[in-house]
Participant: 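What follows is a single structure, and I will ask about it in a moment.
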Amino acid sequence: MRMSRMLIPTLREDPADAESISHKLLVRAGYIRKISAGVYAYLPLAWRVLKKIEDIVREEMDAIGGQEVLMSILMPKEMWDETGRWDLYGDEMFKTKDRKGRWFCLGPTHEEQITALVRDNVSSYKQLPMIFYQINTKFRDELRPRFGVIRGREFIMKDAYSFHTSVDDLKKTYDDMYRAYSNIFRRVGLDAEAFEADSGAIGGKMSHEFLVPAEYGESEVVKCEKCGYKATIEVAHAPYKKVNYPPSDKPIEKVYTPGTHTIEQLAEFLGVEPSRIIKSMLYMVDGKVVMVLIRGDYEVNETKLAKVLDASEVRLLTPDELDDMGLVKGYISPYAVKDKDIKIIADESVQDVKDGVIGADETDYHYIHFNIDEFDVEYVDIRQVNDGDACPVCGAPLKRYTAIEVGHIFNLGTRYSEPMGATYLDENGQRKPYIMGCYGIGISRVMATIVERSHDENGIIWPIAVAPYHVIITVLDVKKDDIMAIGEEIYEALTDAGIETILDDRDLRPGVKFKDADLIGIPFRVVVSKKTVSSGEYEIKDRKTGAIFKVSKDEIVPFFRRKLYGQ
RNA sequence: CGGGGCGUAGCGCAGUAAGGUAGCGCACCUGGUUCGGGACCAGGGGGUCGGCGGUUCGAGCCCGCCCGCCCCGACCA
């Protein structure tokens with residue numbers, strides 16, 4: 001393809017509204033353009049990259065017996081009512097009505113549709129297991145779209161669903177998927193690592209997230225570099241730091257603590273360690289109020305909290321709700337719920353604090369010499385693990401870092417088959433609900449993640465497997481017919497050899513063309529100019545290493561055969 | 001949803017304090033010189049100043065309403 005006729009709108013400056021590296025570079029290098037918040041158009045280069053990623057995904061899905069389908073994006077409300085998710089999904093779902101007033105949504109995911117398809121068209125255990133996948137556009141009206149194509153409201157996703165007669169059979173496919181995902185991420189050049197994930201209230205036991213470490217990620221993980229322990233922040237565990245605050249012989253005392261809005265301010269005001277302070281929080285847990293206590297030097301991890309309470313939704317009470325109970329945020333204590341039917345649970349770390357500081361249920365006042373033993377408290381692990389906390393396995397300090405979630409696999413059990421009446425007949429003629437698994441990869445997010453991981457100050461550096469083109473021929477003296485003709489000749493030879501090549505025939509100064517080639521990130525650049533033509537030594541530059549090779553014209557095709565295919 | 005910021009040519013921005021003919025750089029078009037790491041000179045095209053309404057002789061600028069975009073927060077009591 002001639003670059004002079006392609007839509008590759010590169011920019012000299014970073015777009016003003018971009019924050020993350022991948023967002024800046026994909027816009028600047030002419031890959032994507034914003035249409036609306038979290039909604040992007042993929043220009044020709046991006047679409048080529050996406051198709052490469054998709055093809056790798058297809059190969060790996062086909063290899064484990066996946067059947068590719070393309071489900072409808074527009075889905076009727078009734079389908080979602082069957083599982084109750086029309087209401088559960090809430091505002092995150094894009095909803096619309098047809099001309100007759102019937103409700104539809106733009107699919108944020110496809111469990112309902114695939115389950116309905118299998119229910120209505122498969123009926124015997126003899127046909128199982130079955131694995132389906134699709135690569136399709138998903139719509140989610142995210143609370144806050146971010147980082148360009150990393151979290152969009154419209155995005156490309158590979159989603160797969162499997163149907164089984166037993167958990168053991170599901171486990172086989174689950175393991176196949178795990179390996180396929182590892183292959184996919186390795187092949188696209190990502191150092192993704194699988195983490196046992198929180199599967200949520202409905203996910204069953206097996207669930208793994210595939211995460212790639214990146215500054216602009218939205219997931220947090222901890223890892224022990226000594227023994228290899230690793231976990232997402234939602235499930236991570238680390239022993240709490242022991243403190244020793246034995247009961248005081250002094251009675252509990254209310255003290256005036258003006259202007260202490262944070263734990264740090266209060267600790268400083270009273271001249272105590274933050275670990276001596278107990279934070280009291282009121283949570284709404286599936287409609288019931290629960291008091292949660294945690295030490296001042298720790299934070300509550302709501303996912304862990306939900307899990308220990310076996311709840312599907314936990315949230316803090318709003319200031320208004322607290323107000324209705326006569327309480328004020330920041331100054332709550334267990335005394336406030338003493339005679340009420342409100343359960344008190346505390347993080348394990350609180351048990352050491354027998355002479356502590358706690359809110360006095362009154363603005364600007366706290367109690368000192370507070371002893372937790374007065375209360376009937378259940379101790380559990382609901383702490384957020386921090387950077388530097390001790391590894392639960394070997395005790396070495398844990399590293400905490402951000403990562404991008406590029407894939408997620410999990411066991412669905414009968415969460416969808418049961419309510420939807422999706423059953424098959426087993427050997428004994430018994431109706432059984434399908435055991436299901438589901439598996440997702442964010443295709444457009446993978447593209448952005450590769451850029452986050454593979455770039456330099458000059459632009460993107462695509463791994464060969466996903467590069468939009470392998471080679472860019474930079475013709476410098478385009479107005480000289482003989483030189484341009486040689487550029488075209490090399491272009492034809494490479495293209496005929498199956499090497500994806502782009503011909504930069506634009507009549508621009510050399511510097512501009514070199515900068516663009518680097519920015520868009522093509523793995524190899526061949527320079528055709530007065531200099532290289534007259535010397536007969538064509539300069540080939542490796543975008544990643546910067547290595548320069550001098551190659552005669554006839555050797556160019558063999559050179560790339562070796563470099564690209566190892567032939 | 002709360003807080004903050006922004007919206008002026010394709011992109012990046014100034015102009016808003018103090019109302020008076022809409023600017024700069026890049027990009028684009030023409031001509032010339034140049035040309036192996038984002039050239040220079042000369043000329044040129046391109047604007048509902050986010051929208052609607054108001055104040056005013058006169059609004060990019062003041063007032064009101066609305067829309068869009070970005071950042072932070074929406075768990076730390």
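In the text below, chain A, chain B and the rest are named by the order of the sequence lines, each starting its count at 1. Predicted model, so just to flag it, every value in this text is computed and none were measured.
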Participant: From rC11(B), rC76(B), rC71(B), pick the nucleotide closest to the side chain of E19(A)?
Facilitator: rC71(B)
Participant: Which of the following nucleotides, rC11(B), rG36(B), rC69(B), is nearest to the side chain of S529(A)?
Facilitator: rG36(B)
Participant: With a non-hydrogen cut-off below 4.0 angstrom, is K541(A) in contact with a base, only sugar-phosphate, or nothing?
Facilitator: base
Participant: Students often get this wrong, so: under 4.0 angstrom with heavy atoms, is Y283(A) touching a base, only sugar-phosphate, or nothing?
Facilitator: base
Participant: By nearest atom, which of the nucleotides rC69(B), rG38(B), rA77(B) is closest to the K279(A) side chain?
Facilitator: rA77(B)
Participant: Report the distance from atom CG of D507(A) to atom P of rG38(B), rounded to the nearest whole Å.
Facilitator: 17 Å
Participant: Cation-pi check, R48(A) to Y469(A): give yes when NZ or CZ is under 6.0 Å from the six-membered ring centre and within 45° of the ring axis, no otherwise.
Facilitator: yes
Participant: Who does rC76(B) pair with, Watson-Crick or G-U, both distances under 3.5 Å?
Facilitator: none
Participant: When we call it a touch if two heavy atoms are under 4.0 Å apart, what does L317(A) touch: a base, just sugar-phosphate, or nothing?
Facilitator: base
Participant: For rA59(B), give its Watson-Crick or G-U wobble partner with both distances under 3.5 Å, or none.
Facilitator: none
Participant: For F514(A) and D14(A), take the nucleotide of RNA chain B holding the closest heavy atom to each; which residue's nucleotide lies nearer the 5' end?
Facilitator: D14(A)
Participant: With heavy atoms under 4.0 Å as the rule, sort D518(A) into base, sugar-phosphate or nothing.
Facilitator: base
Participant: What is the distance, to the nearest angstrom, from the CZ atom on R146(A) to the C1' atom on rA74(B)?
Facilitator: 12 Å
Participant: Scan I263(A) against the nucleic acid and name what it touches under 4.0 Å (heavy atoms): base, sugar-phosphate only, or nothing.
Facilitator: sugar-phosphate
Participant: Both E539(A) and A18(A) contact RNA chain B. Which one's nearest nucleotide lies toward the 5' end?
Facilitator: E539(A)
Participant: Between rG38(B) atom P and L508(A) atom CG, what is the distance in whole Å?
Facilitator: 13 Å
Participant: Between K24(A) (NZ) and rC70(B) (P), how many Å, whole number?
Facilitator: 15 Å
Participant: Given rC69(B), rA39(B), rC75(B), identify the nucleotide with an atom nearest to the side chain of L316(A).
Facilitator: rC75(B)
Participant: Do we get K553(A) above Y538(A)'s six-membered ring, with its NZ or CZ under 6.0 Å from the centre and within 45° of the axis?
Facilitator: no
Participant: What is the base-pairing partner of rG19(B), counting Watson-Crick and G-U wobble geometry with both distances under 3.5 Å?
Facilitator: none
Participant: Is K34(A) close enough to rC70(B) that one of its side-chain N or O atoms is under 4.0 Å from OP1 or OP2 there?
Facilitator: yes
Participant: Take atom NZ of K513(A) and atom C1' of rG38(B), then tell me their distance rounded to the nearest Å.
Facilitator: 14 Å
Participant: Identify which nucleotide among rC35(B), rC75(B), rG38(B) has an atom closest to any side-chain atom of E302(A), counting heavy atoms from C-beta outward.
Facilitator: rC75(B)
Participant: Please determine, for rC65(B), whether a Watson-Crick or G-U wobble partner exists with both distances under 3.5 Å, and give it or none.
Facilitator: rG51(B)
Participant: Rounded to whole Å, how long is the line connecting atom CD of E299(A) with atom P of rG73(B)?
Facilitator: 12 Å
Participant: rC76(B) C1' sits how many Å from D347(A) CG, rounded?
Facilitator: 13 Å
Participant: Look at the side chain of R509(A) and decide which nucleotide, out of rA74(B), rG38(B), rC35(B), has an atom nearest to it.
Facilitator: rC35(B)
Participant: Examine rA27(B): is either OP1 or OP2 under 4.0 Å from a nitrogen or oxygen in the side chain of R12(A)? Give yes or no.
Facilitator: yes
Participant: Ignoring hydrogens and angles, state whether a donor on the side chain of D554(A) or S552(A) is under 3.5 Å from an acceptor on the partner side chain.
Facilitator: no
Participant: Scan side-chain atoms only and decide if T257(A) and Y331(A) contain a donor-acceptor pair under the 3.5 Å cut-off.
Facilitator: no
Participant: Mind checking who rG45(B) pairs with, Watson-Crick or G-U wobble, both distances under 3.5 Å?
Facilitator: none
Participant: Can you tell me if N371(A) uses its side chain to pair, donor with acceptor, with the backbone of P247(A) under 3.5 Å?
Facilitator: no
Participant: How about D504(A) and T474(A): does a side-chain donor come under 3.5 Å of a side-chain acceptor?
Facilitator: no
Participant: Looking across every strand, which nucleic acid part, if any, lies under 4.0 Å from D516(A) by heavy atom: base, sugar-phosphate, or nothing?
Facilitator: base
Participant: Check this for me: does any side-chain nitrogen of one of K288(A) and D286(A) sit under 4.0 Å from a carboxylate oxygen of the other?
Facilitator: no
Participant: V527(A) near the nucleic acid: base, sugar-phosphate alone, or nothing, with a heavy-atom cut-off under 4.0 Å?
Facilitator: base
Participant: Taking NE2 from H23(A) and C1' from rC69(B), how many angstroms apart are they, rounded to a whole number?
Facilitator: 11 Å
Participant: Please confirm whether the ring centroid of Y256(A) lies under 6.0 Å from the ring centroid of Y365(A).
Facilitator: yes
Participant: What's R525(A) touching, base or sugar-phosphate or nothing? Going by heavy atoms closer than 4.0 Å.
Facilitator: base
Participant: Between rG7(B) and rC66(B), how far is it from one C1' atom to the other, in whole Å?
Facilitator: 14 Å
Participant: For T532(A), answer base if it contacts any base atom (sugar-phosphate contacts may also be present), sugar-phosphate if it contacts only those atoms, and nothing otherwise; contact means non-hydrogen atoms under 4.0 Å.
Facilitator: base
Participant: Between S36(A) and rC69(B), is there a contact of a side-chain N or O with OP1 or OP2 at under 4.0 Å?
Facilitator: yes
Participant: Paired with rG12(B) by Watson-Crick or G-U wobble geometry, both distances under 3.5 Å: which nucleotide is it?
Facilitator: rC24(B)
Participant: Please determine, for rG38(B), whether a Watson-Crick or G-U wobble partner exists with both distances under 3.5 Å, and give it or none.
Facilitator: none
Participant: Using a 4.0 Å heavy-atom cut-off across all strands, classify R383(A) as base, sugar-phosphate, or nothing.
Facilitator: nothing
